[in-house]
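For reference, the structure is listed below as structure tokens.
A, B, ... follow the sequence lines: proteins, then strands. Residue 1 opens every chain. Computed from a prediction, not measured in an experiment: that's the story for all the values here.
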Number of protein chains: 2
Amino acid sequence: MENSGRQVKDLLYAQVARIGKAVCSPKRLELIDLLCQGEKPVERLAAEAQISLKLASAHLKELRQAHMVEARKEGKNVYYRLTGEAVADFWVAIRSLAEDRLLDLRAALAKLAEHAHELTPMSREELLARAKNGDVVVLDVRPPSEFASGHLPYAQSMPLDQLKKRLADLPRDKPVVAYCRGPFCLMSKEAVEYLNQQGFHAFRFEDGVAEWRAHGLPVETAPPL
Amino acid sequence: MENSGRQVKDLLYAQVARIGKAVCSPKRLELIDLLCQGEKPVERLAAEAQISLKLASAHLKELRQAHMVEARKEGKNVYYRLTGEAVADFWVAIRSLAEDRLLDLRAALAKLAEHAHELTPMSREELLARAKNGDVVVLDVRPPSEFASGHLPYAQSMPLDQLKKRLADLPRDKPVVAYCRGPFCLMSKEAVEYLNQQGFHAFRFEDGVAEWRAHGLPVETAPPL
DNA sequence: CTAATAATCAAACGTTCGTTGGAGTATGCG
DNA sequence: CGCATACTCCAACGAACGTTTGATTATTAG
């Protein structure tokens, strides 16, 4: 009786540990972060996480066995996606806990924002209101496919590699706020540094779509233009 | 430049993976679950998780290195506690995700509730309101020390091993709702089965204090009597 | 003081995990 | 058809992990 209780408990905790095992590898976490931006084929995931295709495939298999991602085959490609928003929320939660508890991580993030003035001094709600009014221009500097599968309201797609060619589209008299995949992504930082060099009033917004949605705010999925 | 970006990202994801590593072992998850009930010395943690003292010590060291628990020495004992409510919230979150995604876990939990009528057919808010009115009696069947360090409002302490002696304290004309450490704890199940055998109208409530608090509901820390 | 308790440390075991290389499977193209 | 692409499976390596054993450090009791 006492022993059967132990067996049940071992089984229950072991099941939760399957999720834990899935998120104990840095590369798997990075893949989850990438998949928060929308579904992608293995090849793209491997390239963006800078690992071999084989290794990406192996890690994705682990994530699939934990039912955190699922695959869809289309032509020669296998597209992976998260099994639900709960997985993205969990990624936001574990990253938040790590930021909260691990001083090393907080120090590393602070170093990324060493030019403090580059960080947007606005709350999510304020940004949303001012973007609605047209008081600020919100730029999504991720690749177009990620923009298409979900972006902040009133944001316009401005992939990092097109920024230099499309400077004329941007106002010089209004604040420009750039965001990308989230706090661990460096694309918006790069964009903001370049824009400020060119005389714009540019700020970085740390949220990605996953953080935005996890805090209960709306996300648009159809391109606005 | 591109390479330094990789180094930064590797560092960031590796930090988050420290949290993941801490929660990839079933025993460590069980220790976290136990510590959600309040601080405890190593010996008690080891006994309740049914592992050796040495092994418990080793696992607690891992958790300490992830800054999820901290220790306080008092006399011959070392008392461990969670470093904050965020850790308890995270435990609730990872367990919820596992319940959500892993069919094996859902099946095991359903088997625990095989007598469906034993589960409380009430929301948290409804239970709180009816307990306030005195329409139901809420029993905390955990050990007294855990009750003392935090319990549901209007609950009375009724440790499982004292239940048989104190049956006279319980009403036979009102529903009796018993809770314990949470969904993975079997104490409330045992209590409810016994009470129903004895002719009471007893129900199990799956939440523990951590679940209750994570959903934004109030927790009392001083014993009511 | 010595003896006993509570806990950690150090070493060692078998196991599992991350990663790589090679082979194998399905799909699309010419 | 044959070849290239996209991916998965299998085997193998070293590294890291979970667990146990024995020795070691604090603290209390006698």
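The nearest whole Å value for the distance from the CD atom in B/Glu43 to the C1' atom in D/dT28 is 14 Å. In this structure, CG of B/Leu63 is placed 10 Å from P of D/dG18, rounded to the nearest angstrom. The CG atom of B/Leu53 sits 18 Å away from the P atom of D/dT24 (whole-angstrom rounding). In this structure, B/Leu29 places its CG atom 14 Å from C1' of D/dG18, rounding to the nearest Å. In this entry the distance linking CG of B/Leu60 with C1' of D/dT19 reads 15 Å, nearest Å. In this structure, A/Lys40 places its NZ atom 16 Å from P of D/dA6, rounding to the nearest Å. Nucleotide D/dT27 holds its C1' atom 13 Å from the OH atom of B/Tyr79, rounded to whole Å.
Note on B/Ser57: a side-chain N or O is less than 4.0 Å away from OP1 or OP2 of C/dT8. Distances shown here put every side-chain N or O of A/Asn77 at or beyond 4.0 Å from the OP1 or OP2 atom of D/dT5.
No side-chain donor-acceptor contact under 3.5 Å links B/Arg72 and B/Tyr80. Looking only at atom types and distance, the side chain of A/Arg6 has a donor-acceptor partner in the side chain of B/Gln50 under 3.5 Å away.
Residue-to-nucleotide proximity on DNA chain C shows that, of A/His59 and B/Tyr80, the 5′-proximal contact is made by B/Tyr80.
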So which protein nitrogen or oxygen atoms get under 3.5 Å of nucleotides 20-27 of chain C's nitrogens or oxygens?
{"unit_1": "C/dG21", "atom_1": "N7", "unit_2": "A/Lys54", "atom_2": "NZ", "d": "3.4"}
{"unit_1": "C/dG22", "atom_1": "N7", "unit_2": "A/Lys54", "atom_2": "NZ", "d": "2.6"}
{"unit_1": "C/dG22", "atom_1": "O6", "unit_2": "A/Lys54", "atom_2": "NZ", "d": "3.2"}

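Ring centers of A/Tyr179 and A/Phe203: at least 6.0 Å apart, outside the cut-off.
Residues A/Val87 and A/Val69 form no side-chain contact, since every pair of their non-hydrogen atoms from C-beta on lies 4.5 Å or further apart. When side chains are defined from C-beta on, B/Arg142 counts as touching B/Val209, because their heavy atoms get closer than 4.5 Å.
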Sugar-phosphate or base contact per nucleotide [nucleotides 10-17 of chain D; S, B, -; heavy atom under 4.0 Å]:
-------S

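The distance from atom CD of B/Gln65 to atom CG of A/Leu102, rounded to the nearest 0.5 Å, is 11.5 Å.
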I'd like to know whether A/Asp33 forms a salt bridge (Lys or Arg N to Asp or Glu O under 4.0 Å) with A/Arg95, so could you lay out the CA-CA distance, the side-chain angles of the two residues, the decisive distance to 0.1 Å, and finally the verdict.
CA-CA 10 Å; A/Asp33 200 8; A/Arg95 211 203 52 234; 5.5 Å; no

Could you give me the CA-CA distance, side-chain angles and deciding distance for A/Asp10 and B/Lys27, then say whether salt bridge (Lys or Arg N to Asp or Glu O under 4.0 Å) is met?
CA-CA 8 Å; A/Asp10 283 348; B/Lys27 297 295 182 196; 3.4 Å; yes

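Judged by the 6.0 Å distance and 45° axis criteria, B/Lys9 is not positioned over the aromatic ring of A/Phe184.
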